[in-house]
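Okay, structure first, notes after.
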Amino acid sequence: MSFRLRVLGLLMLVALAASAATGWLTLRQANRQVQETVTAGRQEVARITGELRTYGFTHGTWDGLSPTVASLAQDTGQRIRVATESDVLLTDSDALAGRTPREPSSQPAVLVDPRPALKVPAGQVRRISMKQVASAISDYRTEMTYAACLTRAGAEPTARPDNLGIPRIKADRRPAQCPAPKDSADPLTPADLIALQPCEAEQRFAACLQRVFNQRIGSVAPPRLEVRLGVRNESAPTLAAAPTVAVAAGVALAVVAGALLLSRAVLRPVRAMTVAAKGLGEGDLGRRVPVSGRDEIAQLGGAFNRMAESIQAGEERQRRLTGDIAHELRTPLANLRGYLEALRDGVVDPTPELLDSLHREALLQQRIVDDLQDLALAEAGALTYHPADVDLRDLLEAGRRAHHAQAEAAGVALRVEASAPVHVTADTDRLRQVVGNLVGNALRATPAGGSVTLAVVPRGELAVVEVRDTGKGISPEDLPHLFDRFWRADASRGRATGGSGLGLSIARQIVTDHRGTIDVRSAVGAGTTFTIVLPRSAG
């Protein structure tokens with residue numbers, strides 16, 4: 001089975017499983033939501049009855065109740081029918097909304113009592129409590145008369161219960177026809193006290209006081225309300241299964257369509273990379289894949305192209321190296337062969353000078369072969385090193401002594417600048433090989449009367465070695481090729497004057513193996529400076 005079919009089948013299975021799970025979770029969540037809706041309905045009932053009771057408690061009348069009922073119906077979404085206990089209709093949210101009132105729900109009506117609940121202090125002498133309640137009856141009649149007057153006059157009263165629970169009415173403005181209530185000198189009435197006396201012997205004293213209080217204020221208190229919410233045959237909130245199934249099917253179809261598009265988007269670049277990889281295997285190193293975007297597939301395509309470029313560059317370097325080696329060895333070997341054949345045929349006499357020249361030529365070829373072997377081992381990480389503690393000042397001094405005779409013969413001043421010992425952990429012979437290569441190149445590039453300086457300075461945790469000369473310098477366009485194999489800055493110099501062309505490549509690899517760097521800066525006519533940076537020893 002192809003990758004595309006397997007991915008499609010897996011995604012379809014996941015989509016179906018996800019859709020089924022989603023449907024189940026949706027049904028479960030919906031049922032929970034229905035339960036929460038019922039709870040919210042109870043909270044709405046409590047809010048409606050609470051605001052209606054507050055209205056009656058504050059206004060002392062049910063006049064002007066319609067705006068409050070309309071606002072509650074709009075906020076809660078409930079149909080509200082308000083009537084007194086004697087079934088006198090006060091207001092109906094359906095009529096307020098401009099439609100024919102619907103038949104009320106069969107649910108029992110909710111009773112709303114606006115009369116205050118007395119707060120009789122516990123542990124107080126009963127006769128004192130009876131006097132307080134008698135006074136409260138008188139206060140309530142006065143306050144409710146004032147509140148009803150304010151309401152009918154269009155003022156908005158506010159109520160604050162006192163310590164017994166009796167509302168104390170205030171208004172932001174007082175119409176002239178509503179005189180403010182005044183505290184009388186003796187608010188107690190004999191009739192109220194007589195009505196309260198039977199409570200003194202009652203076991204349920206507080207309940208008796210409340211009952212008598214309600215009877216005595218009945219003439220001024222707003223009547224109790226019967227509030228009916230909802231309409232008859234109103235369906236309870238339920239969840240329809242058809243929309244859920246439709247949504248689940250839509251999700252499944254969307255996932256399948258997405259899987260098709262995804263497989264197409266993924267397999268197209270994969271197929272292109274497969275074709276390009278086959279081309280690379282057949283030798284077409286110039287094959288690349290198109291890359292667009294910045295996603296994982298694009299990154300894979302970019303990595304593939306970089307790999308192909310690296311393979312092509314490595315192949316070109318190998319081909320160029322083979323050509324360079326052949327070019328470096330062809331001419332001297334042809335000369336050696338010619339002289340040997342001439343000696344064999346007796347055309348040339350074997351003079352000491354001729355034999356010495358042939359020997360030097362053979363040594364040069366041996367040096368090229370040795371350098372190639374060192375470079376191959378170094379690049380493969382197989383070059384053997386013997387690390388030890390090395391004082392770079394002593395190392396540079398040894399390099400100066402080794403090239404002193406060559407410097408004197410060339411008329412070049414060779415000196416060392418090192419103010420203090422600088423220690424590194426390195427292979428002494430390999431570092432001496434690097435320094436010797438740089439000093440030899442500097443002496444060949446410096447005319448008589450110039451100078452070559454070997455300097456070492458500490459720089460924090462690093463040691464910096466510089467080989468400076470006052471020679472003719474290197475042009476900027478030649479600097480990037482300086483460390484290439486078989487490359488010489490001066491094309492006129494051959495093997496006899498310019499070395500094998502491998503010394504700097506070997507030097508760079510040795511320095512790199514010592515966790516260091518080598519760099520060069522040069523100015524034509526001013527000289528060249530090679531800089532080696534190595535980590536200093538911990539001690």
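One is the number of the first residue; the rest follow in order along the sequence.
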Verdict with reasoning, Ile474 to Val524, per side chain to side chain contact (heavy atoms under 4.5 Å, CB included)
CA-CA 6 Å; Ile474 304 171; Val524 177; over 6 Å; no
Working for side-chain hydrogen bond (donor to acceptor under 3.5 Å, both in side chains), residues Asn305 and Glu309:
CA-CA 6 Å; Asn305 287 340; Glu309 291 172 359; over 6 Å; no
Begin with the C-alpha distance, continue with both residues' side-chain angles, and end with the deciding distance and a verdict on side chain to side chain contact (heavy atoms under 4.5 Å, CB included) for Ile48 and Gln78.
CA-CA 9 Å; Ile48 292 170; Gln78 293 276 6; 4.3 Å; yes
Take Val464 and Ile532 through the test side chain to side chain contact (heavy atoms under 4.5 Å, CB included) and record every step on the way to the result.
CA-CA 6 Å; Val464 180; Ile532 300 172; over 6 Å; no
Please walk me through it: do His423 and Leu392 pass side chain to side chain contact (heavy atoms under 4.5 Å, CB included)?
CA-CA 6 Å; His423 292 267; Leu392 292 179; over 6 Å; no
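From Arg211, atom CZ reaches atom CG of Leu196 across 10.5 Å, with rounding to the nearest 0.5 Å. From Glu51, atom CD reaches atom OG1 of Thr76 across 9.5 Å, with rounding to the nearest 0.5 Å. Between the CD1 atom of Ile518 and the CG atom of Leu504 there is a distance of 7.0 Å, given to the nearest 0.5 Å. The line from CG of Asp63 to CZ of Arg152 is 5.0 Å long, rounded to the nearest 0.5 Å. In this structure, Leu225 CG and Leu65 CG are separated by 7.0 Å, a value rounded to the nearest 0.5 Å. Taken from CG in Leu111 to CZ in Arg53, the straight-line distance is 11.5 Å, to the nearest 0.5 Å.
More than 12 heavy atoms of other residues, nucleotides or ligands shown are found within 6.0 angstrom of CZ on Arg99. A 6.0 Å sphere centred on CD of Gln197 holds more than 12 heavy atoms belonging to other residues, nucleotides or ligands. Annotation: Arg47, atom CZ; neighbour count of heavy atoms from other residues, nucleotides and ligands within 6.0 Å is above 12. The 12-atom threshold is exceeded at CD of Gln177, counting heavy atoms of other residues, nucleotides or ligands nearer than 6.0 Å.
Looking only at distances, a side-chain donor or acceptor of Thr142 sits under 3.5 Å from a matching main-chain atom of Ser138. The backbone N or O of Val231 lies less than 3.5 Å from no partner atom in the side chain of Arg102, so there is not a single donor-acceptor pair. Thr151 contributes a side-chain N or O that, together with a main-chain N or O of Ala147, makes up a donor-acceptor pair within less than 3.5 Å. Not one N or O on the side chain of Ser71 forms a donor-acceptor pair closer than 3.5 Å with the backbone of Pro67. In terms of modelled atom types and a separation under 3.5 Å, the side chain of Ser93 and the main chain of Ile80 share a donor-acceptor contact.
Here the closest heavy-atom approach between residue Phe213 and residue Pro116 is recorded as CE2-CG, 3.9 Å. Thr58 and Pro157 make their closest contact through CG2-O, 3.4 Å (heavy atoms, listed as atom of the first residue, atom of the second, distance). A pairwise comparison of heavy atoms in Pro223 and Trp62 identifies O-NE1, 2.7 Å as the closest pair. Of all heavy-atom pairs between Gln132 and Leu164, the closest is O-CD1, 3.8 Å. Pairing each heavy atom of Arg216 with each of Ala191, the nearest pair is NH2-CB, 3.4 Å. Closest approach of Tyr146 to Pro179, counting heavy atoms only: CD1-O, 3.3 Å.
The closest side-chain heavy-atom distance from Val227 to Arg81 is not below 4.5 Å. In this structure, Thr531 and Val520 have side chains that are not in contact, with every pair of non-hydrogen atoms separated by 4.5 Å or more. Residues Ser522 and Leu479 are in side-chain contact: their nearest non-hydrogen atoms beyond the backbone lie under 4.5 Å apart. In this structure the side chain of Thr145 never reaches within 4.5 angstrom of the side chain of Cys149, judged on heavy atoms. Looking at Tyr385 and Ile510, their side chains come closer than 4.5 Å, going by heavy atoms from C-beta outward. Between Glu466 and Phe530 there is no side-chain heavy-atom pair separated by less than 4.5 Å. Two residues are said to be in side-chain contact when any heavy atoms from C-beta on lie closer than 4.5 Å; Met144 and Pro167 meet this criterion. The shortest distance between side-chain heavy atoms of Tyr55 and Thr61 does not fall below 4.5 Å.
Ser475 and Asp478 share a donor-acceptor pair across their side chains, judged by distance under 3.5 Å alone. With no hydrogens or angles considered, a side-chain donor-acceptor pair links Ser537 and Thr425 at under 3.5 Å.
The ring pair (Phe, Tyr, Trp, His ring centres under 6.0 Å) contacts involving residues 266-294 comprise nothing, where partners must be two or more places apart or lie in separate chains. Applying the side-chain hydrogen bond (donor to acceptor under 3.5 Å, both in side chains) test to pairs two or more places apart or on separate chains, those with a residue in residues 222-231 are Glu85-Arg224.
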Anything under 3.5 Å between a donor and an acceptor, one on a side chain of residues 277-290, the other on a protein residue two or more places apart or in another chain? List them.
residue	atom	partner	partner atom	Å
Asp284	OD2	Arg287	NE	3.3
Asp284	OD2	Arg287	NH2	3.3
Arg288	NH1	Leu285	O	2.8
Arg288	NH2	Gln312	OE1	2.7

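Comment: Asp92 engages Arg79 in a salt bridge, judged by a side-chain N to carboxylate O separation of less than 4.0 angstrom. Remark: Asp192 engages Arg141 in a salt bridge, criterion side-chain N to carboxylate O under 4.0 Å.
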